[in-house]
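Reading through the structure tokens given below for one structure.
What you are looking at is a predicted structure, and each value in this text was computed from that prediction instead of being measured. We name chains A, B, ... by the order of the sequence lines, and we start the count at 1 in each one.
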There are 2 protein chains.
Amino acid sequence: MEEKQDFIQNLSYDSVIFGFNGTQLKILILEYHNTGLFALPGGFVQMDENLEDAVKNGVRQRTGIQDIYLEQFYTFGGLKRSDPAAMDKILTQNNLDKEQYSWMMGRFISIGYYALINYEDVTPKPDELSDSINWYPIDELPKLMMDHEEMVERALRVLRHNLDRKLVGTNLLPHKFTMKQLQQVYEAVLGVGLRRTTFQRKMLSLDILVRHEKLFQGKAHKAPYLYSFK
Amino acid sequence: MEEKQDFIQNLSYDSVIFGFNGTQLKILILEYHNTGLFALPGGFVQMDENLEDAVKNGVRQRTGIQDIYLEQFYTFGGLKRSDPAAMDKILTQNNLDKEQYSWMMGRFISIGYYALINYEDVTPKPDELSDSINWYPIDELPKLMMDHEEMVERALRVLRHNLDRKLVGTNLLPHKFTMKQLQQVYEAVLGVGLRRTTFQRKMLSLDILVRHEKLFQGKAHKAPYLYSFK
DNA sequence: TATTATTGTAACAAAATGAGACAATAATTA
DNA sequence: TAATTATTGTCTCATTTTGTTACAATAATA
């Protein structure tokens, strides 16, 4: 870890970082060094740091993206969520002094945030304890440690819920996009197929889109319009 | 305070306790002893205690009700939310040793829960630092300390949002109730008037109600049916 | 110039909601 | 005992929203 750290004890955050590759909704999962343990990127909050800043900085470090869209989705406060055995394994495999890091073995209340980012802009970076950080489609996740699977479920539930109310598309798509791309985002998030004509009519009626020039993709059919959010 | 307390440091909870008196949606607000400071009931979490248990116990103590319906609505993590001056005032007026209670002056991350309770069953009890605890209609709240007004706003927003998805009526009404009472709950929560016929049709179509006997109120008009949730 | 695979929109059907009308009915009053 | 009153339960029709199908427009390619 860096310089002097004065973390709030027994408190952490975990982040579900969503990206959209054009077809699938994916999240970033990291694998701890030599443990076979997969987890969500997370961290701790400094005594003199805003909670949201801590999360934002953590997500910045994992993604390389500066401008992060965050939504808090739930706080996990059960006693049973801690897993000292797994923590011990992580410390061991990283050759960390268990005395010094004994605070990591305790009970944590963890605040869950999800981030929406433009998949193309990301260059994932593992954290200090991890070997790798990779994109996984939300329906092909590895087994996650502790209650991180429940976290993903909850994050997804809240994301689905926010789909209409908070411009989810803005953050998962490039600035300009076709109606088909937008529909694919909705389908990936909701996990269901949508009717093309109904979707288009609905989106246009909401009066949240601006229509731009056409996108000629060199395909042998009519070119779609590009849109952006108002 | 009771026995030995081993609280998680810099972490608290606050509760927005909703009740419905037949007309208005109200919440419980306490006033700290000799300070003129009004606040939401809150507390701290023991190191070996589930977050939700801590909140539930706190709400039990304030209301005298054992069976508490809780929903987490947001976690407040900003640095600026602490108000050392107000805390100092509360400690002073309660003749508490500032050395011993210095931990209360620090920065807190606070998890917000709302509770839904049957107004009639409550016997509000002030906490150790407070003179009074009283019901206030949500649109006639006194000025609240720290960010507690924002908390109420957020709690109400989430409650409104959950209105259709989570059986809000169950917890704010007696077991059996008339359609009019149910409508009044909806109107109080949403803060808008609803059309009687449309509301009735909608509720009946949802297939979540059981119709019971009629309620004869001794009024010179048709008696309404009583309902309960399935 | 015909073919192909989309895209944009129109058209109609079905479902949900808005708005009003009205008969049924518990007391009370004439 | 019969009219009166205020409210309740339900029906009807208008309006809006959504589901479904159809079809013309259009970029490339053959």
Any heavy-atom pair between the side chains of B/Leu25 and B/Leu172 that's under 4.5 Å? yes

What one-letter contact string describes nucleotides 22-29 of chain C from 5' to 3', where B marks a base within less than 4.0 Å of any protein heavy atom, S marks contact via sugar-phosphate atoms alone, and - marks no contact? --BBBB--

Value in whole Å for how far the P atom of D/dT17 lies from CG of A/Leu194: 19 Å

Just compare C/dG8, D/dG9, D/dT7 and give me whichever is closest to any side-chain atom of A/Tyr227. C/dG8

Do A/Lys214 and A/Tyr225 form a cation-pi contact, if we require the NZ or CZ to be under 6.0 Å from the six-membered ring centre and within 45 degrees of the ring's axis? yes

Atom pair distance, as rounded to whole Å: CZ in A/Phe199 and C1' in C/dT7: 14 Å

Within a radius of less than 6.0 Å around CG of A/Asp139, do more than 12 heavy atoms belonging to other residues, nucleotides or ligands occur? yes

Please work out if A/Thr178 contacts a base, only the sugar-phosphate, or nothing of the nucleic acid, heavy-atom cut-off 4.0 Å. nothing

Between atom CG in A/Leu182 and atom C1' in C/dT7, what is the gap in whole Å? 15 Å

Only counting residues at least two apart or in another chain, list the ones meeting salt bridge (Lys or Arg N to Asp or Glu O under 4.0 Å) with A/Asp207. A/Lys230

Rounded to whole Å, the CD-P distance (A/Gln184 to C/dT6) equals 12 Å

Is there a side-chain polar atom (N or O) of A/Lys202 under 4.0 Å from OP1 or OP2 of D/dT17? no

After noting the C-alpha distance and the side-chain angles of A/Phe20 and A/Tyr186, does the key distance pass the ring-ring contact (aromatic ring centres under 6.0 Å, His included) rule? CA-CA 10 Å; A/Phe20 179 68; A/Tyr186 271 68; over 10 Å; no

For a 4.5 angstrom cut-off between non-hydrogen side-chain atoms, does A/Thr63 reach A/Thr123? no

Distance, rounded to the nearest Å, where B/Gln200 contributes CD and D/dC11 contributes C1': 12 Å

To the nearest angstrom, how far is A/Arg195 atom CZ from D/dT21 atom C1'? 9 Å

Using whole Å, what does the distance between atom P of nucleotide C/dT7 and atom OH of A/Tyr225 come to? 13 Å

Looking only at N and O atoms, is any donor in the side chain of B/Arg201 or the base of C/dG18 less than 3.5 Å from an acceptor on the other one? yes

Per atom distances to the B/Thr197 side chain, the nearest of C/dT9, D/dT8, D/dC11 is D/dC11

Residues in side-chain contact (heavy atoms from CB on, under 4.5 Å) contact with B/Arg195, at least two apart in sequence or another chain: B/Thr197, B/Thr198

Rounded interatomic separation in angstrom, taking CG from B/Leu204 and P from C/dT17: 14 Å

